[in-house]
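The structure appears right after this line, and notes come after that.
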Amino acid sequence: MKKIITLLLVLCLSLTFVGCVEKSPAKTSSESSSNNSSVSSDTSSDTGSEDNQDSSTSSEANWGVSSGNNETNSQNSQIDNNQSGGQTTPAETEKKTEKVTDKLKRGINLSGPLESVDIKYDSWIFNPDYYAQLVDVGFDHIRLPVNFGNFIGEAPDFFIETEFLRQVDLAINCALDAGLCVVLDFHGWTGTLASDFNGNKDCFYKIWEQVSARYQSYPEELMFELINEPNNPITNEQLNELQMETVKRIRKLNPTRVIALATNDNNGTWNLFNTQVPVGDENIIISIHNYDTMSFTHQGATWIGSEYGNKTHFDDEARNAIKEHMDYCKLYEERTGRKVWISEWGVYQGIADKEDISDYVDYFSNICKELDIAYCYWEFCAGYGVYDLTTGTFKDFVMDYLH
Ligand code: GLC
């Protein structure tokens, strides 16, 4: 009898256990899914936003700037979106293995306002409408040139003015809220660095440490680009030293954020293999500029040299040069497995014929499309721009040819 009772008890207990396992609820979609907005509000330590805030309604610090150490950003941005109760479908597997850098295909430079020495809040760059329009016409990312160097205090801390950083936050938030990736580009300070490399490199590091701390809780769609157009007298060795040390410092708080490195000679193609990359760091891309040929793309840009005063046409010399450079970028990608991103290309519209501009844009963007190379057009609404602020419309002779 005793034996029978024991057996019955064991049987009961096992059934209860199996029932628990079977009844264990599948993750509901609201528990497991995350939109970027709620991820960042959940994780930020100094956020100006509330949980679940509607990201479409505000550009006010939705992503939450940060001051403390928080390494959860990249983990959170990879939160499982599985809504099928534990079963992973092939489509979901694909989604998980997609890297954020795969999202960078067709971008636009929002140059101007944040390179200026003035703090003005009435600029177009803080207006969410423009970002919505960029998405409508198929852009997936922006490059945001920012000159932090205009707003720094004295050594040894080189504090960046908070009011300026708030402006930078606003522009970044506008873009992220619209669903665009953002590459934050430290622009316009290369000359200062070049004038006294050893004297100014510490300031450069301190600037990046502050930027790195401020945006550590931002989603992975925000990326950093260390320096714009390094060139002579900065040597390859100095540039490698500078970028390797800066990456090391950024990695303390942003272990997996995508960082774009520059090549020397103004982001020159031929320096791709001379550019040092931290071993094993999968989240580095290389930023390349192409303005072939300068006599075509910079015709009328007399502020860079009187030799650019004459009208020229898009010709075979330019076509061949562009093709040669893009093929080399592809070769680099294939050999290294590392993404190359053409972060600037475009033509100054001062005296160029519209037909030539269209031909150029058509040719260049088609090559990028064929080779599957990501690009970011220079620029939105100034002298090389795709958009006319006065009429509030995109320029057909550029946009209709941008593939
Ligand atoms: C570089 C310069 C920028 C210029 C552009 C096209 O990025 O920094 O000021 O407008 O090239 O020449």
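What's counted below: heavy atoms across the whole structure, side chains too, no hydrogens, waters or symmetry copies.
Residues Glu245 and Lys201 are not paired through a salt bridge, judged by the lack of any N-O separation under 4.0 Å between the basic side chain and the carboxylate. Ionic pairing of Asp185 and Arg143 is present here: one or more N-O contacts between side-chain nitrogen and carboxylate oxygen are shorter than 4.0 angstrom. Ion pairing of Glu334 with Lys330 is absent here, as no side-chain N (NZ or NE/NH1/NH2) approaches a carboxylate O to less than 4.0 Å. The residues Lys252 and Glu209 are annotated as not salt-bridged, no charged nitrogen and carboxylate oxygen being separated by less than 4.0 angstrom. Using a 4.0 Å cut-off between a side-chain N of Lys or Arg and a carboxylate O of Asp or Glu, Asp102 and Lys99 do not qualify as a salt bridge.
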Before giving the answer on side-chain contact (heavy atoms from CB on, under 4.5 Å), spell out for Leu104 and His141 the whole-Å C-alpha distance, their side-chain angles and the decisive distance to 0.1 Å.
CA-CA 6 Å; Leu104 302 182; His141 69 278; 3.5 Å; yes
Given Lys248 and Arg251, is the side-chain contact (heavy atoms from CB on, under 4.5 Å) satisfied, shown in steps?
CA-CA 5 Å; Lys248 205 167 106 192; Arg251 284 284 174 255; 5.9 Å; no
Between Val258 and Val183, does a side-chain contact (heavy atoms from CB on, under 4.5 Å) hold up when you go through it step by step?
CA-CA 9 Å; Val258 173; Val183 186; over 6 Å; no
Applying side-chain contact (heavy atoms from CB on, under 4.5 Å) to Val168 and Tyr215, what does each step give before you reach the verdict?
CA-CA 11 Å; Val168 180; Tyr215 297 112; 3.5 Å; yes
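With contacts defined as side-chain heavy-atom distances shorter than 4.5 Å, the pair His403/Asp362 qualifies. Val386 places none of its side-chain heavy atoms less than 4.5 Å from the side chain of Cys381. Side-chain contact check for Trp208 versus Leu226: some heavy-atom pair is nearer than 4.5 Å. Here the side chains of Thr162 and Phe151 are not in contact, with every heavy-atom distance at 4.5 Å or above. By the 4.5 Å heavy-atom criterion applied to side chains, Asp157 and Gln210 are not counted as neighbours. Within the 4.5 Å cutoff, side-chain heavy atoms of Phe148 are placed close to those of Phe164. Contact of the Ile125 side chain with the Phe380 side chain is not registered, since no non-hydrogen atoms from C-beta on lie closer than 4.5 Å. Between Ile227 and Phe204 the shortest side-chain heavy-atom distance falls below 4.5 Å.
Judged by distance alone, the side chains of Glu317 and Thr293 never bring a donor and an acceptor atom under 3.5 Å apart. Counting only N and O atoms by type, the side chains of Asn283 and Thr256 include no donor and acceptor under 3.5 Å apart. Between the side chains of Tyr218 and Asp169, no donor N or O sits under 3.5 Å from an acceptor N or O. No side-chain donor-acceptor contact under 3.5 Å links Asn271 and Asn264. No side-chain donor from either of Thr192 and Asn200 sits under 3.5 Å from a side-chain acceptor of the other.
No side-chain donor-acceptor contact under 3.5 Å links Glu379 to the backbone of Asn109.
Here the SG atom belonging to Cys203 is positioned 11.0 Å from the CG atom belonging to Asp196, to the nearest 0.5 angstrom. Rounding to the nearest 0.5 Å gives a distance of 9.5 Å between CG of Leu239 and OG1 of Thr190. Taking CD from Glu344 and CG from Asn228, the interatomic distance works out to 5.5 Å, rounded to the nearest 0.5 Å.
Between Phe139 and Tyr377, the distance from one ring center to the other does not fall under 6.0 angstrom. Tyr375 and Phe364 have their aromatic ring centers separated by at least 6.0 angstrom. Aromatic ring centroids of Trp124 and Tyr387 lie 6.0 Å or more apart. Between Tyr291 and His325, the ring centre distance reaches or exceeds 6.0 Å.
A cation-pi arrangement is not found for Lys206 relative to Phe158, the charged atom failing to lie both closer than 6.0 Å to the ring centre and inside a 45° cone about the ring normal.
Within 6.0 Å of CD in Glu307 there are more than 12 heavy atoms belonging to other residues, nucleotides or ligands. Within 6.0 Å of OH on Tyr401 lie no more than 12 heavy atoms contributed by other residues, nucleotides or ligands. The neighbour count for Phe159 CZ, taken as heavy atoms of other residues, nucleotides or ligands under 6.0 Å away, does not exceed 12. For Lys311, the NZ atom counts as densely surrounded, since its 6.0 Å shell holds more than 12 non-hydrogen atoms of other residues, nucleotides or ligands.
Taking the six-membered ring for Trp and thresholds of 30 and 60 degrees, Phe296 and Phe314 have ring planes inclined between 30 and 60 degrees apart.
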